[in-house]
Amino acid sequence: MDEKIYNPQVIGSQDIAGTKSKTFLANVFSWMGVALAITAVVSYIFGKNDEYMSMLRNTDETGRMGLTGLGYLVMFAPLGFVIAMSLGWQKWSSTVILVLFLAYSVVMGMSLSFIFKVYTDSSIYSTFGVSAAMFGGMALLGYTTKTDLTKFGSLMIMALIGLIIASLLNMFMHSSGMSYLISFIGVIVFTGLTAYDTQKLKNMGEQVEAGTDTTSKLAMMGALELYLDFIN
């Protein structure tokens, strides 16, 4: 028999790694929950208040609805936040990352507020509930599975790149069929990425040093990844 099974030092190190991982993931999901709550509240406030909504869109003389300058900024700013955080997190402090993450969640809430003008409240709430259930199930799978999801995650990332390219092309094609296909594939891709990212963050949590600024930044960047999985 393998003597490591009965080695107290090995068992103790495994317990420590497990505890570190749980603490790290708790921080990740806490920050993700805060960001989602901010996004939901801001989205509801702007979506239900015509005065606030008029800051994002207006009507021209022909009666056509269009975006204001702030509306266009809100549309593209979330991508800028994600790129900035992804490229600069190593050189910035955890406080800067936190401010950017919270600001991002506010802007994303403003961007998503338009759904209240397109869909009924019941359909929005039911979709949120289904998304939360699917996200929770896949996150649990990623946390508990013994299977290495690295190759699966790489496949999902490749599919995501293809999805982004297809979305950019469809901005010019305006194909409703293509839009439906992109949405369908997107659900599959981000559902899979939820499991992969959760396992990746679990493994990361076993390696980090608790209480450091770098660990705090990694927790917030992990929260951003899972936030994006959920939103998408």
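Predicted model only: the values in this text are computed from it and were never measured.
No more than 12 heavy-atom neighbours from other residues, nucleotides or ligands sit within 6.0 angstrom of OH on Tyr44. Within a 6.0 Å radius of OH in Tyr125, more than 12 heavy atoms belonging to other residues, nucleotides or ligands are found.
Other members of the cluster containing Val130 are Met134, Val187, with ILVMFWY side chains joined at under 4.5 Å, either directly or via other members.
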Test side-chain contact (heavy atoms from CB on, under 4.5 Å) applied to Val34 and Ser30, step by step: CA-CA 6 Å; Val34 169; Ser30 294; 5.7 Å; no
Steps toward side-chain hydrogen bond (donor to acceptor under 3.5 Å, both in side chains) verdict (Ser105, Tyr227): CA-CA 9 Å; Ser105 64; Tyr227 174 97; 5.8 Å; no
Evaluation steps, side-chain contact (heavy atoms from CB on, under 4.5 Å), between Ile231 and Leu36: CA-CA 9 Å; Ile231 291 293; Leu36 281 176; 3.9 Å; yes
Please determine whether side-chain contact (heavy atoms from CB on, under 4.5 Å) holds for the pair Val96 and Ser93, giving the CA-CA distance in whole Å, both sets of side-chain angles, and the decisive distance to 0.1 Å. CA-CA 5 Å; Val96 173; Ser93 68; 3.4 Å; yes
Could you go through the side-chain hydrogen bond (donor to acceptor under 3.5 Å, both in side chains) check for Thr68 and Asn58 one step at a time? CA-CA 6 Å; Thr68 64; Asn58 54 22; 5.7 Å; no
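Side chains of Trp89 and Leu218 form a contact here, defined as non-hydrogen atoms less than 4.5 Å apart. Here the side chains of Val107 and Ser111 are not in contact, with every heavy-atom distance at 4.5 Å or above. A heavy-atom distance below 4.5 Å is found between the side chains of Ile182 and Met178. The side-chain heavy atoms of Val106 and Leu102, taken from C-beta on, include no pair separated by under 4.5 Å. Lys117 places a side-chain heavy atom less than 4.5 Å from the side chain of Asp50. Residues Met53 and Phe114 form a side-chain contact, since some pair of their non-hydrogen atoms from C-beta on lies under 4.5 Å apart. At least one side-chain heavy atom of Lys48 sits under 4.5 Å from a side-chain heavy atom of Asp121.
Minimum interatomic distance between Thr198 and Gly142 (heavy atoms only, all atoms of both residues): CG2-C, 4.3 Å. Between Ala35 and Phe101 the shortest heavy-atom distance is CB-CZ, 3.6 Å. The two residues Tyr104 and Phe81 have their closest heavy-atom pair at CD1-CB, 3.5 Å. Closest non-hydrogen pair, Leu228 versus Asn232, comes out as O-ND2, 2.7 Å. Across Ser113 and Leu56, no two heavy atoms sit closer than the pair OG-CD1, 3.8 Å. Between Ile124 and Ile115, the shortest heavy-atom distance links the atoms CD1-O, 3.6 Å.
Linking Ile, Leu, Val, Met, Phe, Trp and Tyr whenever their side-chain heavy atoms come within less than 4.5 Å puts Phe76 and Leu100 in one cluster. Residue Leu226 is not grouped with residue Leu160 when hydrophobic side chains (ILVMFWY) are merged at heavy-atom distances under 4.5 angstrom, including chains of intermediate members. The hydrophobic cluster containing Val189 also contains Leu155, counting ILVMFWY residues as joined when their side-chain heavy atoms lie under 4.5 angstrom apart, directly or transitively. Hydrophobic clustering keeps Ile185 apart from Phe135 (ILVMFWY residues linked when any side-chain heavy atoms are closer than 4.5 Å, directly or through intermediates). Hydrophobic clustering of Ile, Leu, Val, Met, Phe, Trp and Tyr side chains at less than 4.5 Å, counting indirect connections, keeps Val118 apart from Met108.
Taking OG1 of Thr95 as the start and CG of Asp213 as the end, the distance is 7.0 Å to the nearest 0.5 Å. Distance check, rounded to the nearest 0.5 Å: OH of Tyr143 to NZ of Lys22 gives 5.0 Å. Between the OG atom of Ser21 and the CD atom of Glu206 there is a distance of 5.0 Å, given to the nearest 0.5 Å. Atom OH of Tyr72 and atom CE of Met75 lie 6.5 Å apart (nearest 0.5 Å). If you take CE on Met220 and OG1 on Thr215, they are separated by 10.5 Å, rounding to the nearest 0.5 Å. Thr145 contributes atom OG1, which lies 10.0 Å from atom CE of Met138 (distance to the nearest 0.5 angstrom).
Residue pairs satisfying the ring pair (Phe, Tyr, Trp, His ring centres under 6.0 Å) criterion with at least one member in residues 148-196, sequence neighbours excluded, are absent. Counting only residues at least two apart or in different chains, salt bridge (Lys or Arg N to Asp or Glu O under 4.0 Å) contacts with residues 216-230 comprise Lys200-Glu225.
Proximity of a side-chain donor or acceptor of Lys20 to a complementary backbone N or O of Val208 within less than 3.5 Å is detected.
Using modelled atom types, one finds no donor on one side chain facing an acceptor on the other under 3.5 Å when comparing Thr212 with Thr214.
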